[in-house]
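Provided herewith is a single structure, encoded as structure tokens, for subsequent inquiry.
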Amino acid sequence: MNIMKRQLFAAAATFAASLTMAPLAHAACAVDVTDPFELDAAAIDEIYTCLKDEMAEKYAKEGDEVAAAYRDWTVSSTRPAVAGAHGNRLLQTFANDVAAEQYLNFAEEGVDMPAGSVLAKESISISSKKKEARTGPLFIMTKGEEGSAPDTADWVYAGVQPNGKPMKFKQSFCHDCHVAWEAQDMLAYPLEEVRVSN
């Protein structure tokens, strides 16, 4: 009887240890390429499935308002994709109710987003050395009232790290790149092949 109890205890301890280690198993997802541009749609879907729940949980960890809400917004693409911007990460953009209709037109000129528009862009980085995918920052753009941020066309750029803490950077760091899309009110869009129709 003593031996049986020890075996049951050992089995229970092993099971408990596997439960406590489960979150670590999702910290990274294996990929079989070293260049994110080589990922096909199926591989990207697999990566996103592996990370998506963890991403939302990590971003919201410190109580950021956008990080806690963005998954209830309108998603602008059928899956994440690599566009080259944001460090060659896989990107997926969500638009709040104020931004969604205008953003999902994907217009190339004459765009003027309404004040209160917020876009949240999930990112996934691919480690070529470790051949794994990991949660990257959540990038956020918020359109203010006219004249509220004249140096950045009234956009305020922010970000949330995978630990939920805010990113620290100068507004010009983001805006100097986004100004390339001035006719689109500084907005870059998902790759055409993954855009959802409005």
Side-chain angles (χ1 to χ4, degrees), residues 22-23 25-29 39 41-83 85-87 89-107 111-125 133-145 148-149 152-169 171 174 178 181 184-198:
H26 297 289
C29 302
L39 292 166
I44 291 171
D45 284 339
E46 192 174 313
I47 289 167
Y48 194 64
T49 298
C50 177
L51 288 176
K52 70 179 181 178
D53 292 339
E54 175 191 289
M55 292 172 76
E57 184 180 313
K58 283 183 168 185
Y59 295 145
K61 196 173 185 176
E62 295 289 320
D64 182 90
E65 201 173 302
V66 171
Y70 81 93
R71 279 283 180 85
D72 293 328
W73 299 353
T74 302
V75 65
S76 64
S77 54
T78 56
R79 62 168 171 80
V82 184
H86 293 270
R89 291 178 171 96
L90 290 163
L91 304 171
Q92 175 116 307
T93 303
F94 296 77
N96 73 352
D97 289 344
V98 177
E101 184 177 352
Q102 177 74 15
Y103 184 78
L104 269 67
N105 285 329
F106 305 118
V111 178
D112 186 17
M113 295 295 287
S117 295
V118 185
L119 302 168
K121 188 181 300 287
E122 294 177 328
S123 72
I124 298 170
S125 62
R134 289 190 174 271
T135 300
L138 179 70
F139 300 103
I140 302 165
M141 288 178 71
T142 303
K143 183 72 179 274
E145 296 291 338
S148 61
T152 55
D154 302 322
W155 285 103
V156 175
Y157 301 91
V160 177
Q161 300 175 65
N163 61 7
K165 296 187 183 305
M167 295 177 70
K168 295 180 182 178
F169 51 80
Q171 291 295 295
C174 297
H178 278 264
W181 295 283
Q184 298 171 192
D185 198 4
M186 314 304 159
L187 301 174
Y189 301 128
L191 297 178
E192 285 189 41
E193 64 262 27
V194 299
R195 291 177 189 173
V196 298
S197 55
N198 192 357

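Everything quoted here is computed from the prediction, not taken from an experiment. Note that the numbering runs from 1 along the sequence shown for the chain. When reading the values below, keep in mind they use all heavy atoms of this one structure, side chains included, and skip hydrogens, waters and symmetry mates.
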Parallel, tilted or perpendicular: rings of H178 and H86 (30°, 60°): perpendicular
Evaluation steps, side-chain contact (heavy atoms from CB on, under 4.5 Å), between E192 and F106: CA-CA 9 Å; E192 285 189 41; F106 305 118; over 6 Å; no
Closest contact, heavy atoms only, L138 versus A120: CD1-CB, 4.1 Å
Heavy-atom pair of closest approach, residues V196 and V75: CG2-O, 3.5 Å
Salt-bridge contact K143-D185 (side-chain N to carboxylate O under 4.0 Å): yes
Side-chain donor or acceptor of D154 paired with backbone N/O of A149 under 3.5 Å: yes
For the student: nearest non-hydrogen atoms of P80 and Y48, plus distance: CG-CD1, 3.5 Å
Residues K121, T93; criterion side chain to side chain donor-acceptor pair (under 3.5 Å); working and verdict: CA-CA 4 Å; K121 188 181 300 287; T93 303; 2.8 Å; yes
Close side-chain approach of F94 and S76, heavy atoms under 4.5 Å: no
Beyond-backbone contact of R134 with I124, side-chain heavy atoms, under 4.5 angstrom: no
Heavy-atom check, side chain of M113 versus side chain of M186, under 4.5 Å: no
Q161 atom CD, neighbour heavy-atom count above 12 within 6.0 Å: yes
Close side-chain approach of V118 to W73, heavy-atom, < 4.5 Å: yes
Interatomic spacing from CG in L90 to OG1 in T135 - rounded to 0.5 Å: 11.0 Å
Approximate separation, where rounding is to 0.5 Å, of E57 CD and E54 CD: 7.5 Å
Minimum side-chain heavy-atom gap V66-V160 below 4.5 Å: no
Donor-acceptor side-chain pairing of Q92 and S77 below 3.5 angstrom: yes
Test item: R195 side-chain N/O and P190 main-chain N/O as donor-acceptor pair under 3.5 Å: yes
Gap separating the OH atom of Y189 from the CH2 atom of W181, nearest 0.5 angstrom: 11.0 Å
L91 side chain reached by S123 side chain, heavy atoms, under 4.5 Å: yes
Nearest-0.5 Å distance that lies between atom OH in Y157 and atom CG in L119: 10.5 Å
Straight-line distance of T74 OG1 to N96 CG, nearest 0.5 Å: 8.5 Å
Heavy-atom closest contact (P162 atom, K58 atom, distance): O-CB, 2.9 Å
Residue pair Y59 / D64, side-chain heavy-atom distance below 4.5 Å: no
Distance, nearest 0.5 Å, that separates NZ of K61 from NZ of K165: 8.5 Å
D97, CG atom: more than 12 neighbouring heavy atoms under 6.0 Å: no
Where T142 and I140 come nearest, the two heavy atoms and their spacing: OG1-CG2, 3.9 Å
Over 12 non-hydrogen atoms of neighbours within 6.0 angstrom of CD in E193: yes
Between S117 and Q102: side-chain donor-acceptor atoms closer than 3.5 Å: no
Ion pair R89/E122, N-O distance below 4.0 Å: no
